[in-house]
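Scroll down for the structure; my scribbles are underneath it.
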Amino acid sequence: MERTTERERFASRLKDAMAERGMKQADVIQMAADAGGKLGKSQMSQYVAGKTIPRRDVADLLARVLGVDAAWLLGAEGTDARDAGAPSRASARHEAASHPVSTEDGAREHAASTIRSTPMREFKKSSKLDNVLYDVRGPVNDEAEAMEARGEHILKLNIGNPAPFGFRTPDEVIFDMRQQLTECEGYSNSKGLFAARKAIMQYAQLKHIPNVDVDSIYTGNGVSELIQLCMNALLDTGDEILIPSPDYPLWTACATLAGGAPVHYICDEEAEWNPDLADIESKITSRTKAIVVINPNNPTGAVYSLDILQGIVELARKHQLMIFSDEIYDRLCMDGVKHISIASLAPDLPCVTFSGLSKSHMIAGYRIGWMILSGNKRCMRDFIMGVNMLSNMRLCSNVPAQSVVQTALGGYQSVERYVEPGGRVYEQRNYVYEALNAIDGVTAVKPKAAFYIFPKLDVKKFNITDDEQFALDLLHEKHILVTRGGGFNWEKPDHFRVVYLPRMGVLREAMEDLADFLSTYRQN
């Protein structure tokens, strides 16, 4: 009860100080940025609503912006709202008279005074970022970090980061990187080490991807860098690109930053999250240049059937579209499901296939991904020139990480143990799927790959109108961090993503806490 009282007192004083100065939340955020600090919109709204108290450094920043005493703002009794650190003009003159300064010191003070009296122009973020979001590490994550800074433990089910949950890099991979470190001190070819690209080419052959040679392969600092590179190489302002909804939000963000216009096609939850082919075709226009396929899918865990993939290829062929296929989870399929690379079905179309080792080999921090250009390369010669230019500009990707690609892709694949019956990923997937569906008001489609599940909330039962608020409320009450459905460009506020990487004991506790939270939850 005492903690609630402190929050209410802080919120009340914060609102009083803002009202006295005629400031809105946006004004406080902007002035904090001008002062060299950082306040998020969600963070600020939580303070005003009395849902949380800032850590001391943030309170000091708020106090400076509002011209009040930090201790008073935090709810201390017997303190004055006025900033004790701001002396009056009279006291400042008295101080100056009592301590005469040298000519040199006086010149410095005069210069400093002159500089301070000239307002610095304001540097705002680029307008290109106005429609960009990445809520996997967005406002709710910022609030979780603030809570951690106050000593609170947070269970992070928001990001597919294997290492913190005990998934280790294969020993052979670590050994080979150590052995080769002394040979990785310089830049590599901008596309990557020959041995790495040769191994990727052979892997592409096993996936039946046609028309691939070593020069058609580019390594990157994770797939993320290569997605951004391709969007910049392809899209002119206003060009449209079809992207699934829900999507991995980096695709929409990179297309937007490149000046393109992302158009989201629906993946149908009632059809195990498969793309709706009719919806795709209805959204193709004369400005559509390409279609993005995320298979296996993040955030749903869906793996697309041969029929669905052939349907997408036919649409791309009919409307002359380029295909981008994000297949980073292709080695994490379960239940006997076999992954099919869409490029293997489209030898006559321009295709770019993305994959890497971050998930399949549990080495997300090494940042090693790749892309494979295949199919009809004649029609994308100019695009390839742009890709080469951008690839050259970044010199090369992480060379030590490239050095382990050959080892990782060859021989026994240890990840297979995780996704077979009895394996950690397989058993944790089964448990989370069953536990979520056992909660009144929650339903979920069983994932076939990766380590994510995208459950649906009964918005009427829980009165949910804002999925970010739902994620914040869960974070504050149960210290569980998830990513809201809107963070994956899903329009309705009725979904969220859960990462099921934690060990079974932790997952059980998390699901029990979620069930307890939802048993009484009603959004205001």
Could you walk me through whether F324 and I227 pass the side-chain contact (heavy atoms from CB on, under 4.5 Å) test, one step at a time?
CA-CA 9 Å; F324 292 96; I227 291 172; over 6 Å; no
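- Side chains of D34 and Q30: a donor on one and an acceptor on the other come within 3.5 Å.
- Of the charged side-chain nitrogens involved, none lies within less than 4.0 Å of a carboxylate oxygen, so that R64 and D60 do not count as a salt-bridged pair.
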Go through E491 and S245 one step at a time and tell me if the side chain to side chain donor-acceptor pair (under 3.5 Å) criterion holds.
CA-CA 8 Å; E491 289 188 351; S245 174; over 6 Å; no
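- Residues L436 and L514 meet the side-chain proximity criterion, which asks for heavy atoms closer than 4.5 Å.
- No salt bridge links E269 with K492; every basic N to acidic carboxylate O contact stays at or beyond 4.0 Å.
- Y452 pairs with exactly one of Y500, W273, Y329 by the ring-ring contact (aromatic ring centres under 6.0 Å, His included) rule, that one being Y329.
- What you find for C230 and M371 is that their closest heavy atoms are SG-SD, 3.4 Å.
- Using modelled atom types, no side-chain atom of D516 and backbone atom of E512 make a donor-acceptor pair closer than 3.5 Å.
- Contact of the E477 side chain with the Y521 side chain is not registered, since no non-hydrogen atoms from C-beta on lie closer than 4.5 Å.
- Of all heavy-atom pairs between E240 and K283, the closest is OE1-O, 4.4 Å.
- Considering only residues two or more places apart in sequence or on other chains, F496 meets the ring pair (Phe, Tyr, Trp, His ring centres under 6.0 Å) condition with F470.
- Of all heavy-atom pairs between V499 and G160, the closest is CG2-N, 4.1 Å.
- With H479 as the partner, the side chain to side chain donor-acceptor pair (under 3.5 Å) test is satisfied by one option alone out of H153, E152, E148: E152.
- Shown here is Y187, whose OH atom has no more than 12 heavy atoms of other residues, nucleotides or ligands within 6.0 Å.
- Just one residue in the list W370, W251, Y248 forms a ring-ring contact (aromatic ring centres under 6.0 Å, His included) with F354, and that residue is W251.
- The local environment of NZ in K125 is crowded, with over 12 non-hydrogen atoms from other residues, nucleotides or ligands closer than 6.0 Å.
- A donor-acceptor pair under 3.5 Å is absent between the side-chain atoms of S391 and the main chain of N388, judged by distance alone.
- When all heavy atoms are compared, the tightest approach of S188 to G192 is OG-CA, 3.8 Å.
- For the pair E327 (side chain) and T353 (backbone), a donor-acceptor distance under 3.5 Å is absent.
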Intermediate values then yes/no, side chain to side chain donor-acceptor pair (under 3.5 Å), Q228 and N232
CA-CA 6 Å; Q228 187 169 23; N232 282 319; 5.7 Å; no
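- Between the side chain of N221 and the backbone N or O of S397 there is no donor-acceptor pair closer than 3.5 Å.
- Heavy-atom neighbours of N524 CG from other residues, nucleotides or ligands within 6.0 Å: at or below the threshold of 12.
- Within the structure, the side chain to side chain donor-acceptor pair (under 3.5 Å) test picks out the following pairs touching residues 253-268 (sequence neighbours left out): T252-H264.
- Closest non-hydrogen pair, S360 versus L332, comes out as N-CD1, 4.4 Å.
- For the pair V223 and I328, the tightest heavy-atom approach, listed with the atom from each and the gap, is CG2-CD1, 3.8 Å.
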